[in-house]
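One structure below.
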Amino acid sequence: MPELPEVETTLRGIRPHLEGRRIARLIVRNPRLRQPIPPEMPERVAGQTIRSLRRRSKYLLIGLEHGSLLVHLGMSGSLRVVTAGSPPRTHDHLDLILSDGGILRFHDPRRFGIFLWISMSPEIALVEHPLLCRLGPEPLENDFTGEHLYRSSRSRRVAVKSFIMDSAVVVGVGNIYASESLFLAGLHPARACNRIDQGGYERLAETIRLVLRASIEQGGTTLRDFVNESGAPGYFAQSLRVYGRAGESCRICGTLIRQQKIGQRSSFHCPHCQPQAIDAGSAAFFDEE
DNA sequence: CGTATCTCCTGCAAGC
DNA sequence: TGCTTGCAGGAGATAC
């Protein structure tokens, strides 16, 4: 399930194969993604040189001479670089064929992904495109702080897990990493976000960064679908402390990990390490230090 | 404005 | 064995 680390892994993997290359043509096998691919898209992008690649939230922005490609992997999407002649498999919906023979292949069984040409440059799209302009800070950049979380949460009362998964608050924290960072910060996922003090949010901002960085280093989390540009899985799944471990023992205290629905999403926590109310400093991660 | 719910889609696992 | 059902989930759209 592509969250920020998986998208970052994909970006780093495909960049050297794309930057500076010319697009020979675009083959659309199935235009029915989350937003349908317009029939004129192949002629719009053919012949253009790829100038830049960047990530914003879980979106990839591929800068062309005229406009950009806006790509989202949804929850089952992946991008691979394959060589000419490699046969497409089921759900290989798009091929971006480069003039050097390489092919960027978009695979997405559940078709929640997005692959669009937009007329704006990446720089303009970041501030003006409706899918990008309302996004919160990047968790691995300097404007994401505990203070930002604290201030943003004062007027709200949703569960803290739903709060950090809100892309207007901070981007890139999906279901897996939300559970993981709350565990390390010692915060119960169902706690009302306005009932966490600034110290709690300082810890949480730190563990969000920690978890995302660690996952990027391991090439992302592969539960079922995710593969990198070469088709290889990520290895962060073996580092997960609570996600998907309901009924198993907490790696810190041995208490059985509990699963509950929060905001329609499965959540995992350790009842001992993440009590409903905690003393400052009782967080699992900070106790390890 | 904040919150909760619905929706898209397919693959897999569980239950009968 | 083969059916049905439920679940997984990013995030926009919608209703209140």
Side-chain angles (χ1 to χ4, degrees), chain A residues 1-11 29-37 55-61 70-79 88-94 106-116 118 125 128-139 149 151-181 189-195 208 212 215 220-227 233-234 236-237 240 242-247 259-268:
Chain A
M1 291 151 209
E3 299 188 24
L4 187 148
E6 291 73 39
V7 180
E8 183 68 25
T9 297
T10 298
L11 171 69
R29 292 191 196 82
N30 185 351
R32 291 172 303 152
L33 299 183
R34 181 179 169 79
Q35 293 189 23
I37 295 175
R55 178 187 61 73
R56 172 71 171 116
S57 182
K58 298 172 190 170
Y59 292 93
L60 290 171
L61 269 167
L70 181 61
V71 182
H72 195 292
L73 300 179
M75 63 164 294
S76 62
S78 58
L79 287 168
R89 301 164 302 166
T90 310
H91 308 306
D92 282 345
H93 306 312
L94 291 170
F106 183 82
H107 175 88
D108 187 8
R110 295 179 206 180
R111 292 197 272 120
F112 280 14
I114 287 177
F115 201 109
L116 283 180
I118 59 177
E128 292 190 7
H129 193 279
L131 293 177
L132 304 176
C133 66
R134 283 181 287 273
L135 295 173
E138 288 286 332
L149 289 178
R151 275 190 285 105
S152 311
S153 59
R154 292 309 87 186
S155 60
R156 306 185 53 176
R157 53 182 66 176
V158 288
V160 60
K161 174 159 178 282
S162 303
F163 175 68
I164 59 172
M165 289 177 66
D166 181 346
S167 63
V169 173
V170 56
V171 301
V173 184
N175 204 37
I176 297 172
Y177 300 113
S179 282
E180 293 299 302
S181 51
R191 221 160 122 188
C193 67
N194 61 352
R195 295 193 54 217
I208 287 173
L212 294 177
S215 181
T221 300
T222 298
L223 292 182
R224 181 174 301 158
D225 300 301
F226 177 71
V227 290
F236 193 68
L240 296 176
V242 287
Y243 184 87
R245 300 191 63 240
Q259 175 172 6
Q260 74 182 90
K261 288 268 185 195
I262 296 173
Q264 317 283 78
R265 292 286 175 265
S266 287
S267 295
F268 300 86

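Residue numbers begin at 1 in each chain, while the letters A, B, ... track the order of the sequences.
Although no hydrogens or angles enter the test, the distance criterion places a donor-acceptor pair under 3.5 Å between the side chain of E3(A) and the main chain of I176(A).
Between F112(A) and Q264(A), the residue anchored nearer the 5' end of DNA chain B, judged by the nucleotide with its closest heavy atom, is Q264(A).
Rounded to 10 degrees, the angle separating the terminal helix axes of the helix from dG2(B)-dC16(C) to dC16(B)-dG2(C), each built from five base pairs, is 50°.
Residues that satisfy the side chain to side chain donor-acceptor pair (under 3.5 Å) test with S153(A), not counting sequence neighbours, are absent from this structure. Judged as a side chain to side chain donor-acceptor pair (under 3.5 Å), and not counting sequence neighbours, K58(A) has no contacts. In this structure, F112(A) has no ring-ring contact (aromatic ring centres under 6.0 Å, His included) partners at least two apart in sequence or on a different chain. For R111(A), the side chain to side chain donor-acceptor pair (under 3.5 Å) test picks out no residue, with sequence neighbours left out. Under the rule for a side-chain contact (heavy atoms from CB on, under 4.5 Å), the partners of H129(A) that lie at least two apart in sequence or sit in another chain are L70(A), I118(A), M120(A), A125(A), L131(A), L132(A). With sequence neighbours left out, the side-chain contact (heavy atoms from CB on, under 4.5 Å) criterion links R154(A) to Y150(A), Y201(A). Residues forming a side-chain contact (heavy atoms from CB on, under 4.5 Å) with R156(A) (at least two apart in sequence, or on another chain): V158(A), F163(A), D166(A), V169(A), C193(A). Under the rule for a side chain to side chain donor-acceptor pair (under 3.5 Å), the partners of R56(A) that lie at least two apart in sequence or sit in another chain are E138(A). Residues satisfying the side-chain contact (heavy atoms from CB on, under 4.5 Å) criterion with P137(A), sequence neighbours excluded, are D143(A), F144(A), H148(A).
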Base versus backbone protein contacts along nucleotides 11-16 of chain C [heavy-atom cut-off under 4.0 Å; B, S, -]: BS----
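Rounded to whole angstrom, the span from the CD1 atom of I114(A) across to the P atom of dG9(C) amounts to 19 Å. Whole-Å rounding puts the L132(A) CG to dG10(C) C1' distance at 14 Å. One can place CZ of R32(A) at 10 Å from C1' of dC9(B), the figure rounded to the nearest angstrom. The distance between atom CD1 of I37(A) and atom P of dC8(B), rounded to the nearest whole Å, is 19 Å. Between I176(A) atom CD1 and dG10(C) atom C1' the separation is 12 Å, expressed in whole Å. Summarising the geometry, the separation between CG on L73(A) and P on dG10(C) is reported as 12 Å, rounded to the nearest angstrom. Separating the CG atom of N175(A) from the P atom of dC7(C) is a distance of 15 Å, rounded to the nearest angstrom.
Checking the phosphate oxygens (OP1, OP2) of dA8(C), a side-chain nitrogen or oxygen of Q259(A) falls inside 4.0 Å. Side-chain nitrogen and oxygen atoms of R110(A) include none within less than 4.0 Å of the OP1 or OP2 phosphate oxygen of dG11(B). OP1 or OP2 of dA8(C) lies within a sub-4.0 Å distance of a side-chain N or O belonging to S266(A).
Annotation for G74(A) and H72(A): closest pair N-ND1, 2.8 Å, computed over non-hydrogen atoms.
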Distances for protein N/O vs nucleotides 2-4 of chain B N/O pairs under 3.5 angstrom?
from	atom 1	to	atom 2	distance (Å)
dG2(B)	OP1	S155(A)	OG	3.4
dT3(B)	OP1	R157(A)	N	2.4
dT3(B)	OP1	V158(A)	N	3.4
dT3(B)	OP2	R156(A)	NE	2.6
dT3(B)	OP2	R156(A)	NH2	3.2

